[in-house]
Amino acid sequence: MNKPLQNDLYIRALLRQPTERTPIWVMRQAGRYLPEYRQLRGEAGSFMNLCTNPDLACEVTLQPLRRFRLDAAILFSDILTIPDAMGLGLYFAEGEGPRFEHVISSADDVEKLQRPDPEQSLAYVMDAVVRIRKELNGEVPLIGFSGSPWTLATYMVEGGSSKAFAKIKNMIYAEPKTAHRLLDKLADSVTDYLNAQIESGAQAVQIFDTWGGALAADVFREFSLQYLEKIVAGLNRSHDGQRIPVVLFCKGCNLQLENLADTGCDALGVDWTISLADARARVGERVALQGNLDPAVMLTNPDIVACQVQNTLASFGMGEGHVFNLGHGITPDVDPQNMTVLVESVREYSPAWHQDKDRPPGPV
C-alpha cells in the first residue's frame with residue numbers, strides 16, 4: 001500500500017490550488033550532469049540497459065532527490081519505448097542519439113504496427129514505476145510520461161533524430177492518410193501506456209511534443225493537436241481517489257498556447273522563448289503553467305542563477321498555478337552546484353508570490 005504524499009505541492013500547483021510556495025522539478029533532472037548517473041551508466045553498459053532494468057531505472061530516478069530538495073520525481077525512461085515495443089528496434093548510436101533498426105516508410109509498414117500491451121512488452125516500465133513509488137515512500141509525487149504521437153512519428157519515419165524532418169513532412173503532405181493512420185495508432189498506444197503508468201502508481205503524467213514546433217500552425221493542429229486531444233480525453237484522470245494531473249509540453253509551440261489549453265489538460269509546459277507573463281495572459285485561468293528558465297542560465301554562476309530565478313517568479317506573478325522548471329531539459333555540462341542554487345532559490349524567493357495578492361513583492 002503506497003503511503004499518502006508528504007509533499008503534494010506539485011500536484012496542488014498543477015490543479016491551481018493554493019500552495020505556500022512554488023514547487024520545482026527539472027526536466028532531465030536524472031541525467032548526465034550528475035557524476036553518480038555517469039558512474040551507473042558506465043556500470044550498466046548502455047543507456048537501454050538502464051531503461052529496461054527496473055532496479056537501475058529506480059536508482060537513477062532517485063539520484064537527484066538525494067542531492068536536491070525537489071518537489072517531484074520523474075520516471076527515468078525514454079520517450080521512444082513505444083516504437084521499440086512496436087518492433088522497430090531502438091538502439092543508441094554513440095554520438096548520434098536514438099536510432100531504429102526498422103523505419104516506417106509506407107502504408108504497409110504502418111498497417112503492420114501492432115498496438116503494444118503495456119503490461120507485456122512495456123512491463124519493465126511498469127515494474128520501475130512500482131519500485132519507485134515504493135522507494136519514494138510518499139516523499140514526493142512521481143511523474144510518468146510519454147512522447148506525443150507526432151514526436152514519436154518523426155523518429156519512426158526518419159529513423160532517428162532529424163533537423164529538416166524531410167521524410168515525415170513528405171508523408172504528411174503527400175500521403176496524409178498514411179500519416180493519420182500512424183498517428184492514430186500512436187495516440188491509442190500512448191493512451192494505453194500512460195494509463196498503465198497511472199495504474200502502476202504515477203501520480204501525474206506529462207506528454208512531450210518535442211518536435212511540435214517544426215510544424216506550421218495549421219499543420220500542427222491537424223497532425224499533432226488533435227491527437228493530443230484524443231489522448232487527454234482517454235486518460236484516467238483519477239486513481240486511488242486522487243486526481244491525476246496531465247501536463248502538455250510542446251517545445252516551440254507558443255503560437256498554439258490557447259489551443260493547447262483547450263485540450264482539457266491541467267497544465268502547459270512553456271519553453272524559454274516566451275515570458276510567463278505573456279503565456280499567463282493568453283491562457284488565463286484555464287491551466288497551470290510549468291517553466292520556463294532558459295537552460296543556458298544553468299551554465300553561468302550561482303549569482304546569475306539566483307537572479308534569474310527571481311525574474312522567472314516575477315514574470316509569472318502572484319497567485320497559484322506555477323510549477324518552476326527549465327524551458328527544456330538540463331544539459332549534461334551543468335555544474336550540480338548550480339542545480340542546488342536553483343532549487344534553494346525557488347524555495348527561498350517563491351513564498352512571497354503566494355501571499356497577499358494586494359501586496360506583491362517589489363520589483364526584482
Side-chain angles (χ1 to χ4, degrees), residues 14 16 27 79 145-155 157-158 161-174 176 179-180 182-184 186-187 190 205-233 235 245-297 308 311-312 314-317 319 321-329:
L14 292 182
R16 302 187 60 259
M27 288 181 278
I79 64 169
F145 72 92
S146 174
S148 73
W150 164 252
T151 288
L152 297 181
T154 67
Y155 287 97
V157 175
E158 300 288 340
S161 301
S162 176
K163 293 182 179 180
F165 303 99
K167 295 177 182 178
I168 184 66
K169 287 192 174 184
N170 181 66
M171 180 182 284
I172 64 176
Y173 290 120
H180 280 302
L182 173 59
L183 292 163
D184 199 53
L186 286 169
V190 169
V205 292
Q206 177 160 313
I207 303 169
F208 288 87
D209 193 8
T210 308
W211 301 121
L215 293 170
D218 57 336
V219 181
F220 175 85
R221 289 190 289 272
E222 180 178 357
F223 290 96
S224 183
L225 183 67
Q226 69 163 311
Y227 296 102
L228 294 173
E229 291 172 338
K230 180 179 181 179
I231 294 166
V232 172
L235 291 177
V246 177
V247 184
L248 300 183
F249 175 70
C250 300
K251 185 172 177 284
C253 298
N254 294 327
L255 294 176
Q256 301 291 339
L257 288 181
E258 293 88 348
N259 291 325
L260 289 165
D262 288 338
T263 59
C265 68
D266 297 287
L268 295 179
V270 183
D271 68 28
W272 68 94
T273 61
I274 185 174
S275 73
L276 286 177
D278 288 346
R280 191 178 187 187
R282 287 170 54 188
V283 302
E285 304 300 309
R286 284 176 285 175
V287 292
L289 294 177
Q290 177 179 277
N292 69 336
L293 185 69
D294 185 344
V297 170
Q308 292 302 315
N311 289 341
T312 302
S315 182
F316 183 85
H322 180 207
V323 173
F324 201 103
N325 208 310
L326 304 182
H328 198 231

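On a predicted model such as this, the values are computed, not experimentally measured, just so you know.
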Hey, can you pull the donor-acceptor pairs under 3.5 Å for the side chains in residues 205-213, sequence neighbours left out?
{"from": "Gln206", "atom 1": "OE1", "to": "Gln290", "atom 2": "NE2", "distance (Å)": "3.1"}
{"from": "Asp209", "atom 1": "OD1", "to": "Ser148", "atom 2": "OG", "distance (Å)": "2.8"}
{"from": "Asp209", "atom 1": "OD1", "to": "Thr151", "atom 2": "OG1", "distance (Å)": "2.8"}
{"from": "Asp209", "atom 1": "OD1", "to": "Gly212", "atom 2": "N", "distance (Å)": "3.4"}
{"from": "Asp209", "atom 1": "OD2", "to": "Ser224", "atom 2": "OG", "distance (Å)": "2.7"}
{"from": "Trp211", "atom 1": "NE1", "to": "Tyr155", "atom 2": "OH", "distance (Å)": "3.1"}

If you look only at distance, which donor and acceptor atoms sit under 3.5 Å apart when one is on a side chain in residues 246-261 and the other is two or more places apart or in another chain?
{"from": "Asn254", "atom 1": "ND2", "to": "Asp271", "atom 2": "OD1", "distance (Å)": "3.3"}
{"from": "Asn254", "atom 1": "ND2", "to": "Thr273", "atom 2": "OG1", "distance (Å)": "2.7"}
{"from": "Gln256", "atom 1": "OE1", "to": "Asn259", "atom 2": "ND2", "distance (Å)": "2.9"}
{"from": "Gln256", "atom 1": "NE2", "to": "Ala217", "atom 2": "O", "distance (Å)": "3.3"}
{"from": "Glu258", "atom 1": "OE1", "to": "Arg282", "atom 2": "NH2", "distance (Å)": "2.9"}
{"from": "Glu258", "atom 1": "OE2", "to": "Arg282", "atom 2": "NE", "distance (Å)": "2.8"}

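Considering only residues two or more places apart in sequence or on other chains, Gln226 meets the side-chain contact (heavy atoms from CB on, under 4.5 Å) condition with His180, Glu222, Glu229. Evaluation of the side-chain contact (heavy atoms from CB on, under 4.5 Å) rule for Asp294 yields Trp272, Ala296, Val297 as partners, not counting sequence neighbours. Shown here are the salt bridge (Lys or Arg N to Asp or Glu O under 4.0 Å) partners of Arg280, two or more places apart in sequence or in another chain: there are none. Here Asn325 pairs with nothing under the side chain to side chain donor-acceptor pair (under 3.5 Å) rule; sequence neighbours left out.
Pairing each heavy atom of Ala166 with each of Ser162, the nearest pair is N-OG, 4.5 Å. Annotation for Gly291 and Leu276: closest pair O-CD1, 3.9 Å, computed over non-hydrogen atoms. Minimum heavy-atom separation, Gly327 to Pro295: N-CD, 4.2 Å. Heavy-atom minimum distance, Ile172 versus Phe223: O-CZ, 3.5 Å. Closest heavy-atom contact between Ala267 and Leu14: CB-CD2, 3.6 Å.
Remark: the backbone N or O of Ala164 is not paired with any side-chain donor or acceptor of Lys169 at under 3.5 angstrom. Under a 3.5 Å cut-off, the side chain of Thr312 and the backbone N or O of Gln308 do form a donor-acceptor pair. The closest donor-acceptor contact from the side chain of His322 to the backbone of Arg16 lies at 3.5 Å or more, if one exists at all.
Residue Leu293 holds its CG atom at 5.0 Å from CZ of Phe324, rounded to the nearest 0.5 Å. How far CD of Glu158 is from NZ of Lys163: 13.0 Å, rounded to the nearest 0.5 Å.
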What verdict does the side chain to side chain contact (heavy atoms under 4.5 Å, CB included) test give for Tyr227 and Leu186, after you've listed the backbone C-alpha separation in whole Å, the side-chain angles of each residue and the deciding distance to 0.1 Å? CA-CA 9 Å; Tyr227 296 102; Leu186 286 169; over 6 Å; no
